[in-house]
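A short write-up of the structure that comes next.
Proteins get letters first, then strands, A, B, ... in listed order; numbering begins at 1 in each.
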Number of protein chains: 2
Amino acid sequence: MAALRPTSPQRSGSPQRPGPPQRPAELPPTAWAVLGLLSFPGERTGYELKKWADASLRHFYWSPAISQIYAELRRLEALGYASSRRSGPEEPRAKRSYAITAEGRAALVGWAGGAEDAGPPVLKHPLLLRVWLGHLTAPEHLRALVSEHIAHTRGELKEVHDALARADGDEAWTHPQIALRWSGRRLEAEVDLAEAMLADLTEMTGPSASGQPPEDSPTDG
Amino acid sequence: MAALRPTSPQRSGSPQRPGPPQRPAELPPTAWAVLGLLSFPGERTGYELKKWADASLRHFYWSPAISQIYAELRRLEALGYASSRRSGPEEPRAKRSYAITAEGRAALVGWAGGAEDAGPPVLKHPLLLRVWLGHLTAPEHLRALVSEHIAHTRGELKEVHDALARADGDEAWTHPQIALRWSGRRLEAEVDLAEAMLADLTEMTGPSASGQPPEDSPTDG
DNA sequence: GTGTGCATGTAAGTGGTTACATGATTGA
DNA sequence: TCAATCATGTAACCACTTACATGCACAC
């Protein structure tokens, strides 16, 4: 439910040795995202990173497996892009906290400022696949699925609105806030889109069956 | 550029033996999507399937590698969900055409009518990740990336509009048409969303740098 | 004859998942 | 005392990709 900020303590990073000089490595997007999470001030554990990602990046980018986060953190540290610190005995719980290094920040800035646009958005919408294959489904069932989707999306929208209200006016976290606004508007659009599709469905396929593809003999396969 | 219909010949499927009785297998979504492609009348090759998917499913679901398509077709045939036919010598080019079987159709209908909603939509939007990480980028560069995205999306939108215009009034392919309409509206919303974000970016981060996260000492990592 | 499109595949790699295993701390 | 949360990882698996290899048909 936390939205913009991580809930971790605002400790300052550990001092670190420069690390071996490497040109900005080719990394999968997930690694950059994890490094991006670390680029905000403070150090944090893999577990915290996961929660934070689920509350923010999930709405427009990804929701990684926790095991994946740990794997990326290890890789980032091996590259010298992050440094880690074991909690001392003064802390109640044993854990490992990560912070970005100067090298990591430089590499990340290089990636973020890169000319290539990091690829087009990818959308995988199972509901639309079902609609596309609507001739296989009872029309009422299809409409019920769309309605469920609308209800679910409204729920997500409420979460984002709440997060936005909580974060309003926090000038320090401008960019996450802009991304969250986009997510809110996007979810509103998703609702509108589904409602328009529902209207199309009612209008074009009628209350009962219709819209079957032509000459699809039932014995043909 | 073909949109609703495949361009393949409308041949009727080959006769086939019932195949071993198996309960509807657990299949990855890609397999169902390929089987769904085959659920429209006519038989077609893997190559044709790939082109068709790129022209339709790509807008809301997926754009698979051609090698993946061939692999799924083999799996589907092994399951008895599809049957294939080698082209005879009368045809100019050697190829293998696939058709859905009765068993495959039954399994697909079971999947499509299933209670589970096949999972929530997944969105992976690299541009938003960049915006979220906007404190690492020069504001003008960020805005340029968003503008590029708008231009690119308008291009996609034109494709969909054209396809829609070509397909208008074709009552036989109602559901693919509804999905395509959704895609068109979605792309329009994507443009609106990006324009709103551009306004936010201009308003909240100013023409030059600002919106840095707090106390992020450059030596801290 | 040369390039483009049609057509089919194999091999290797990887990004990412689920399931599993472990244990400490916190709060009801 | 019992469940939930915090916290970290390993092992196995798999969906999917890229690169590669092959060859025919057709238009220029």
Side-chain angles (χ1 to χ4, degrees), chain A residues 1-2 6-9 25-34 43-55 57-58 61-78 84-98 118-120 122 124 126, chain B residues 1-2 6-9 25-35 43-55 57-58 61-78 84-98 119-120 122 124 126:
Chain A
M1 302 308 106
T7 50
S8 72
E26 281 278 313
L27 287 173
T30 298
W32 292 117
V34 170
E43 58 172 25
R44 43 193 76 78
T45 67
Y47 192 91
E48 286 166 338
L49 251 18
K50 163 66 174 161
K51 281 198 312 175
W52 191 20
D54 279 351
L57 297 186
R58 178 175 62 93
Y61 195 67
W62 100 151
S63 178
I66 179 68
S67 56
Q68 178 73 4
I69 300 239
Y70 288 118
E72 295 299 349
L73 285 173
R74 264 174 268 133
R75 159 156 48 184
L76 257 15
E77 184 161 36
S84 75
R85 186 182 68 80
R86 292 277 329 262
S87 62
E90 80 286 358
E91 267 160 300
R93 193 183 285 274
K95 58 184 177 180
R96 181 169 291 274
S97 298
Y98 288 82
V122 173
K124 196 156 190 169
Chain B
M1 302 310 105
T7 49
S8 71
E26 281 277 313
L27 250 26
T30 298
W32 293 116
V34 170
L35 195 56
E43 58 172 24
R44 44 193 75 78
T45 67
Y47 192 90
E48 286 167 337
L49 250 19
K50 164 65 174 163
K51 280 198 311 174
W52 191 19
D54 279 351
L57 297 186
R58 178 176 63 93
Y61 196 66
W62 102 149
S63 178
I66 179 70
S67 56
Q68 178 73 2
I69 300 240
Y70 287 118
E72 295 299 348
L73 285 172
R74 263 174 268 135
R75 159 156 49 184
L76 257 14
E77 184 160 37
S84 75
R85 188 182 67 80
R86 293 274 330 262
S87 62
E90 80 285 359
E91 269 160 298
R93 190 184 287 272
K95 57 184 177 180
R96 180 169 292 275
S97 299
Y98 288 83
V122 173
K124 197 155 191 170

Open item on the list: What is the first contacted nucleotide of DNA chain D and what is the last, in 5' to 3' order, if contact means an atom lying under 4.0 angstrom from a heavy atom of chain B?
Closed with: D:dA15 to D:dA25
In whole angstroms, how far is the [atom2] atom of [N] from the [atom1] atom of [X]?
X	N	atom1	atom2	value
A:E26	C:dG15	CD	P	10 Å
B:L73	C:dA7	CG	P	14 Å
B:E72	C:dT8	CD	P	16 Å
A:K124	C:dT17	NZ	C1'	13 Å
B:K50	C:dG5	NZ	C1'	15 Å
B:R85	C:dA7	CZ	P	13 Å
B:Y47	C:dT4	OH	P	13 Å

Open item on the list: Output one letter per nucleotide in nucleotides 23-28 of chain C: B when a protein non-hydrogen atom lies under 4.0 Å from the base, S when only the sugar-phosphate is that close, - when neither is.
Closed with: -BBS--
Quick one: [atom1] on [X] to [atom2] on [Y], what's the gap to the nearest 0.5 Å?
X	Y	atom1	atom2	value
A:L73	A:R96	CG	CZ	10.5 Å
B:Y61	B:T30	OH	OG1	6.0 Å
B:W62	B:L57	CH2	CG	5.0 Å
B:S84	B:K95	OG	NZ	13.5 Å

Task: Toward the 5' end of DNA chain C, by each residue's nearest nucleotide, B:I66 or A:A65 - done: B:I66
TODO: Return the 5'-most residue of the pair A:Q68, B:G46 with respect to DNA chain C, ranking by each residue's nearest nucleotide.
DONE: B:G46
Pick base, sugar-phosphate or nothing for [X], based on heavy-atom distances below 4.0 Å to the nucleic acid.
X	result
A:S97	nothing
A:S87	nothing
B:R86	nothing

Task: Flag, side chain of A:K50 to backbone of A:P64, donor-acceptor distance under 3.5 Å - done: yes
Open item on the list: Quick one: does any side-chain atom of B:S97 pair with a main-chain N or O of B:R85 as donor and acceptor, under 3.5 Å?
Closed with: no
Open item on the list: I need the minimum non-hydrogen distance between A:Y70 and A:Y47, along with the two atoms involved.
Closed with: OH-N, 3.6 Å
- [ ] Answer yes when A:E77 and A:R74 have at least one side-chain N-carboxylate O distance shorter than 4.0 Å, and no when they do not.
- [x] no
- [ ] Give a yes or no on whether a salt bridge exists between A:K51 and A:E48, defined as a side-chain N under 4.0 angstrom from a carboxylate O.
- [x] no
Open item on the list: It should be established whether A:S67 places a side-chain nitrogen or oxygen under 4.0 Å from OP1 or OP2 of nucleotide C:dT17.
Closed with: no
